[in-house]
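Remarks on the structure that follows.
A note on names: the letters A, B, ... follow the listed sequences, proteins ahead of strands, and every chain is numbered from 1.
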2 protein chains.
Amino acid sequence: MDTREHIIDLAEELIRTKGYNAFSYGDIAGVLHIRNAAIHYYFPSKADLGVAVVDRELEKIAQSRVEWATLPADQQLRKVVENFYTGSRKGWICLNGSLTPDYLTLPDPLQKKVKIMCQAVLDWMTACLEKGLEDGTLQFEGTPAGRALLVMSALLSSLLLSRVLGKEVFDSMLDQLLKDIHLQNNRS
Amino acid sequence: MDTREHIIDLAEELIRTKGYNAFSYGDIAGVLHIRNAAIHYYFPSKADLGVAVVDRELEKIAQSRVEWATLPADQQLRKVVENFYTGSRKGWICLNGSLTPDYLTLPDPLQKKVKIMCQAVLDWMTACLEKGLEDGTLQFEGTPAGRALLVMSALLSSLLLSRVLGKEVFDSMLDQLLKDIHLQNNRS
DNA sequence: TTGTTTACTTACTAGTAAGTAAGTAAATTG
DNA sequence: CAATTTACTTACTTACTAGTAAGTAAACAA
């Protein structure tokens, strides 16, 4: 019954399926059976709505980091992969995969948030890989920071490409990706 | 002086910087000092223009495959990487990186072309990695098809992420990526 | 009970989008 | 030379878009 949260939910879905520039307040209003102006009441500009979506994602990331902090690195990674698997089934790409291609067209405050979000994901992934080396649950070539970029990149692209080329692509990519860090893929 | 080609040039630039949904005929008309309707003369609908951009890219891919066919696999890959490096310097992402996130919003004929383009890049990359195993210029874990997905993914994402996080990201990713296929990065 | 805030709606503006129809000057063709 | 095609322009329509201003019914607070 929380209209504000409903709006953010739908905005996230629209951004992750159609992209920031391809959705309008009308899309959301239609589903929620309210008027466009009601959305402007909560989010005066579309930029504000975009920022709210990214802010909520940033909170989720921060929460997960705390919540999973005590788990071994391989289990943390499995949980991340699980999230991407859920997205893939729904045909949703990740926020970074949706917002970074449109980066140059985004309003300034949203650009800043996207930058923060990218860095947050990368930092988390780097920390996770570092921990994996320490607790012995992961092994890979190169530095944790460099490997983190490739892992992030593969996760992002797996959603983009599997939507176009078919879901097998998602499994195939994750299989190869996890082997690169010596993590057994227990889905395939 | 070939207006038609000029229009495709600009459309490609716009798609690769701002995205398909964020550019208009007006953007192109303004630069070329012609009217919107002149663009409709060559490309009746925006879908036609999008298709023309992808078709030209498909031709370039086919041409390169033929032209480089006799080169060792590592040299072929270096040429591909060179292309991405050029894109990165200009802040252009690749067509797949731009069009796959918007996939669900694209007009049907353009969706079909994007699918064909993705598959063409993937096929070429797979063939290239296979050849690398045969001619001994490349070594990697897993199958050529699986590795090709990761290479393609890393190239695509390197452009997306380096625009947001800084150009160092591009170098860092390519370094790690090339090491995974035992190809020395002669740029860093 | 009165005043204020919350959560909207109605009605509107101004701008931009793709796309079309009709006209035209210049080049090309028969 | 006449007819036609090429490469546009002008002028327009239709459909959205984000965003705003003013109003309102219900809930809440003093």
Rounded to the Å, how far apart are B/K46 NZ and D/dC16 P? 16 Å
Examine distances only and state if a side-chain atom of A/D102 and a backbone atom of B/G19 form a donor-acceptor pair shorter than 3.5 Å. no
Please check this pair: side chain of B/R16 against backbone of B/S98, looking for a donor-acceptor N/O pair closer than 3.5 Å. no
For A/F84, ring-ring contact (aromatic ring centres under 6.0 Å, His included) partners two or more places apart: none
So which of residues 33-41 of chain B are in contact with DNA chain C, with a heavy-atom cut-off of under 4.0 Å? B/A37, B/H40
Mind checking the NZ-OG spacing from A/K167 to A/S172? Nearest 0.5 Å is all I need. 16.0 Å
CD1 of A/I28 versus P of C/dC8: gap in Å, rounded? 14 Å
Side chains of B/S45 and B/D48 only: does a donor on one sit below 3.5 Å from an acceptor on the other? yes
Any side-chain to backbone donor/acceptor pair from B/K46 onto B/F23? Under 3.5 Å, distance only. yes
What is the distance from CG of B/D2 to P of D/dT6, rounded to the nearest Å? 14 Å
Tell me the interatomic distance from B/R4, atom CZ, to D/dC8, atom P, rounded to whole angstroms. 12 Å
Is there any ring pair (Phe, Tyr, Trp, His ring centres under 6.0 Å) pair reaching into residues 32-77 of chain B, and which pairs are they, with sequence neighbours excluded? B/Y25-B/H40
Less than 4.0 angstrom between a side-chain N/O of B/S45 and OP1 or OP2 of C/dA18, yes or no? no
Near-strand residues of residues 106-115 of chain B, defined as heavy-atom separation under 4.0 angstrom from DNA chain D: none
Under the side chain to side chain contact (heavy atoms under 4.5 Å, CB included) rule, collect the residues that match up with B/A22, sequence neighbours excluded. A/N21, A/T105, B/K18
Report yes or no: does B/R147 contribute a side-chain atom to a donor-acceptor pair with the main-chain N or O of A/Q176 at less than 3.5 Å? no
Neighbour count >12 (heavy atoms, 6.0 Å) for atom CD, A/Q75: yes
Would one find a side-chain N or O of B/Y42 under 4.0 angstrom from OP1 or OP2 of D/dC8? yes
Whole angstroms only, please: what is the CD-P distance between B/E5 and D/dA7? 13 Å
Please work out which residues in residues 8-23 of chain B have a non-hydrogen atom less than 4.0 Å from an atom of DNA chain D and list them by number. none
Think A/T3 has a side-chain N or O under 4.0 angstrom from the OP1 or OP2 of C/dA7? no
Under a 3.5 Å distance rule, please check whether A/K131 uses its side chain to pair with a backbone N or O of A/T137 as donor and acceptor. no
Do the side-chain N or O atoms of A/S24 get closer than 4.0 angstrom to the phosphate oxygens (OP1, OP2) of D/dC16? no
